[in-house]
Structures are given as C-alpha cells and as structure tokens.
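Below: one structure, written as structure tokens.
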There are 2 protein chains.
Amino acid sequence: MEKVRKMERVAALTKILADRPQHLFSLSYFSELFGFAKSTICEDITTIKETMGHFGLGTVETVAGAAGGVRFVPTVPADEADKLLHELACRLAEPDRIIPGGFLYMSDLLFTPHLMVKAGEIFMERLAHLSPDYILTVETKGIPLAFMVARAFDLPLITVRRGSRVTEGSSVSINYVTGSSKRIQTMSLPKRALPAGARVLVIDDFMKAGGTAKGMVDLAQEVGAEVTGIGVLVATAEPEHKLVEDYLALLILHDIDEHTKVTDIRPVLTTG
Amino acid sequence: MEKVRKMERVAALTKILADRPQHLFSLSYFSELFGFAKSTICEDITTIKETMGHFGLGTVETVAGAAGGVRFVPTVPADEADKLLHELACRLAEPDRIIPGGFLYMSDLLFTPHLMVKAGEIFMERLAHLSPDYILTVETKGIPLAFMVARAFDLPLITVRRGSRVTEGSSVSINYVTGSSKRIQTMSLPKRALPAGARVLVIDDFMKAGGTAKGMVDLAQEVGAEVTGIGVLVATAEPEHKLVEDYLALLILHDIDEHTKVTDIRPVLTTG
C-alpha cells in the first residue's frame, strides 16, 4: 500500500482505535497498514492521545514490550455523564410511563443505541478498577446496557436465562426468591459459559430489593466464579437495605405516585 | 475554547462522527466546538471523507441546507466481511458446539461485542435500501446482534417478548406455531412500542422453518406496521421453503451430524 500522509494516518488510526475500545493493537499492525516505521506511528499516536485528552473523548494507552501495543479507552467527561443522567431522569419522569401497579416503562430508552453506548462507557469508567473478566446479566431488558458495558470493556457478555434451555447444553440452575414479590423463580446458566475463577461484573437495568442480583451472585458462585461488582441503571430508594450490599446505581427512583402521575427519580451525579 | 490545529480537529471529528453512525451532526455544532468557520470544518470533513474511503472504513455524507449537516456511515469492505463470516463459520463448526438434539451452541459468539458490531454493520450495509424506521427482534439470543444493527442504523430496537409482561403496560399478543417443532407459542409487544405505519426490519440470530420470523411479521401487522425486510445470522438449508419468503442470511447451516461431530456451515460470500 502506498504511503499515506500524517493527517490521513491520524484519521484512520483514530477510527480503528475508537472502533474497538480496550483492544490492544500492536504497532506492527499499524506499521504494515500504513507503510511507515513504528516510530512514526508512535508520533501519530501521541497526537491522537493529546487530542482525545483535550476534548475529553478518551485516553490512549501505550503498553511497552514485545506483547505491547496501543489501546483506546473511552472516557465520558463528568459534565457529559451528568447531562446524560439528567436527560434519562427527565424522560423517565414523563407521566405516561407509569404503568398500573406502579411500574415504569423503560424499554424504549433501554433499547436506544446511543443512550446505552454512553451508559455503558460510564459504567466501564466507574467500575474499571474491579478488573472483570466477564459481564453478567439476566434476560431481557438489561441485555443492551450490559452488552454496551461489555463493549466498553472489550469483554464477553454472559446472559443468564430464566428457566432452562435445551439449545444451550447442560446448565447450572438455581432457585431464587424475588426480593419484592417473594415469588420463587429459576435462573440458569450453561455450564460452559463461565469458567471457574472468573471475575464477574453483574449489570442490570433495574433493582428493587436485589433478589435478581443476589440470584446472579449465587449462580456465579455455583460455577466457581466470583462477582466483584454490581451495576444497575436504576435502583429504588426503598427498601434501603437490598439483598446485595455493594452496588453502583446511576439513577435512584424515590417514588412513583400513580394518582398524581408524579415520578421522583434522580440522577446520582459526580459533579456538585 | 481556544482554536485547535487541523490535525486535532480531524482526529476529534473522526471520533465524534464514528461514535454515532448515521447521526446527522450540524456544521454549526462542530464550528462552535472548535471555534472555526464552517468552511474550515467543511475542508476537514473532506479530508476525513477521503481517508475513510481510502481505507474502506466508511463514507461521510454531507447533507445540504438549513437542516443539513454531516453523518458517518460505516462500511465493511467485501473482503473484511467475508473474512468475518469465514471466521464465524469456522468457529461454529467446532465439534463441541453440537448439543444433543442437533442444536448448535452459539451464545458465546452472539454475546461477543466486536463480532456483533461488525455483523451489525454488514446487515446495515446490505439492507440500508429498505430504509427501516425500527429494528425488531424477539428475546433473547438475537438481541445483541439486533442492537448492533440498530446502532449501525442509529435506530431504536424493539424487542418482542415471549408471553406478556405486566411491567410493560397494555400489549398486543399473537399465538404462532413454531415452524419446526409445531408448538403453539405466544409473543407480545407493548402497544406503545411500534407506531402504525412504521417500516420495520426484523433481525434474529437463527432461522429454521421461519415460524418465529413469521410471528414477528404478523405481530407488526397487528399494530399497523410493515416489515420491509428480514435478516438472520444463520439460516438452515432445510426446509428450503421457509414460512417467510424474503430474508437475508449471512451463514447457511447445511448439516449437523451428531455422530461424526461434523457441522457443515457455510458463509454467504460477496466476493468470488
């Protein structure tokens, strides 16, 4: 391939790096792609690193050594994260979202790609210190969010099924009691999905008493994996004591008044 | 904000555009962000357009007029698409994926972000002429793929549930007969999810006889929407005549031999 100008290399490098967050690309890969020495690619990377930092678009990490390379880690600036959470809170408080029984219709937002891409990056940023190997969720509505968290980490997502499926081979099942309605339910995981010793981050769209999250913790334990953290998009303020202890919620649902149609839901902000 | 050099503008512009495929950004937005005239931003866009084209990373479309702007449309070069489909076929043919009953374990691949991001872009590219307003799928395993198709189109995903859910408000339900096992099943859609007149693209992970896809077509019709196309990652060669007529499959499953552990699955390639 003919040699390309620095401007073009920077544009192409940015696209390739940002397309696959957290993935380690070797400098040799880019060196061959562009027909330039690694030292030149290194200079291009420095330019990108500075620019991404300047605009709060992400960080570029360089890993030295033979197995080294470069990776892009998305960041969401605090004000942008807060803006997204404000927007979500505002939309979730729309009166016509209240469903008889005191539920909140959230599916349209949970299945809107650009909202979940950003939410996924926020979770990744705030929970990166847990160094998970897998993201774990339970069907159905939390899947897009959990998948976008998985994308931001460049990790596989494992989806727990309700009941047991013949098309997934032998499974481990547990019974769990939903914390709020006290019903006994079953959830299952294909035995091959999660290796023993794996570090797992649980992601879900909603938490009330925490029974479902507790079920996922137990299920992970059953196969010898360890849940190192739990993230939910919305948690209810009540009950204050959930069945799981540590969790990160981006929004807190304080109250739904079916009569006045007023929903009190507030973002958990990082800035003052 | 202080003015930034062209190199930095190009890097930041590339990241912002590529981050949200198909979304129309106004030139004023970038003009304010960088503190440069629109004519300068236009020149930057031209540089990015040429580079993306040169490396087969995507196209940049400029829309003229007051409501105009610029959008990024991802492309997957034919050889890269074929490489991905070859890889998927190769991995799906691994002997230990065969589950008693003649099923194929696909969940690990279906829940791996970078694979589904690319598959989503391939579907978008091949089905863009259908101009959908919504992507439609049914829980559970097809959700990540369908969500990545939705992301590539910048459209919302609607997920049909099996059974009816109290937390989603009033729903439209239909009974359908699975084409292969001839069981009667129910699927439902919240009434508010899909407006009448909407153009819908159905995406699923697997199609055998097409009963599930037919169910989604019927359900969409029930609310006055129109299914304009169907895309599935894997379709079986048999039965040749499915319950739906037109569909795009990226891989064809010809045979699973439980005894010899040989799976015959082939990519549908675009190049000779």
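Worth saying up front: this structure is predicted, and the values here are computed from it rather than measured. Order of the sequence lines sets the chain letters (A, B, ...), proteins ahead of strands, with each chain counted from 1.
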Exercise. Who among A:Ala12, A:Ala150, A:Pro156 has the most heavy-atom pairs with chain B under 4.5 Å?
Worked result: A:Ala12
For this session: Would you mind telling me which of A:Thr159, A:Thr112, A:Thr47, A:Ile48 has the largest number of heavy-atom pairs within less than 4.5 Å of chain B?
Result: A:Thr159
For this session: Please flag which part of A:Arg20 lies under 4.5 Å from any non-hydrogen atom of chain B: side chain, backbone, both or neither.
Result: side chain
Exercise. So A:Arg162 and B:Glu139, side chain to side chain contact (heavy atoms under 4.5 Å, CB included) or not? Walk me through it.
Worked result: CA-CA 12 Å; A:Arg162 302 187 195 270; B:Glu139 59 184 348; over 6 Å; no
Exercise. Heavy-atom distance under 4.5 Å to chain B: side chain of A:Met148, backbone, both or neither?
Worked result: side chain
Problem set entry | Closest heavy-atom pair and its distance - A:Met116, B:Phe147 | CB-CZ, 3.8 Å
Exercise. Distance-only, no hydrogens or angles: does the A:Arg161 side chain make a donor-acceptor pair with backbone N or O of B:Thr140 under 3.5 Å?
Worked result: no
Seminar exercise, completed: For B:Phe72 and A:Lys15, the nearest pair of non-hydrogen atoms, with its separation, is CZ-CE, 3.2 Å
Problem set entry | side chain to side chain contact (heavy atoms under 4.5 Å, CB included) between B:Asp19 and A:Lys118, intermediate numbers included | CA-CA 10 Å; B:Asp19 239 21; A:Lys118 276 288 165 251; 3.9 Å; yes
For this session: Of all the heavy-atom pairs spanning A:Ala11 and B:Thr14, show the shortest one and how long it is.
Result: O-CG2, 3.4 Å
For this session: Heavy atoms only, distances under 4.5 angstrom: which of B:Pro21, B:Ala18, B:Pro144 has the most pairs with chain A? Name it, please.
Result: B:Pro144
Exercise. Heavy atoms, side chains only, cut-off 4.5 Å: are B:Ile143 and A:Phe111 in contact?
Worked result: yes
Seminar exercise, completed: Correct closest heavy-atom pair for B:Asp96 and A:Arg192 would be O-NH1, 2.8 Å
Exercise. Contact part of A:Leu155 toward chain B, heavy-atom cut-off under 4.5 Å: side chain, backbone, both or neither?
Worked result: backbone
Problem set entry | 4.5 Å side-chain heavy-atom contact, A:Met7 and B:Asp44 | no
For this session: Would you mind checking which part of A:Pro190 comes under 4.5 Å of any heavy atom in chain B, side chain (CB onward), backbone (N, CA, C, O), both or neither?
Result: side chain
Exercise. How many angstroms lie between atom CG of A:Leu110 and atom CG of B:Leu157, to the nearest 0.5 angstrom?
Worked result: 11.0 Å
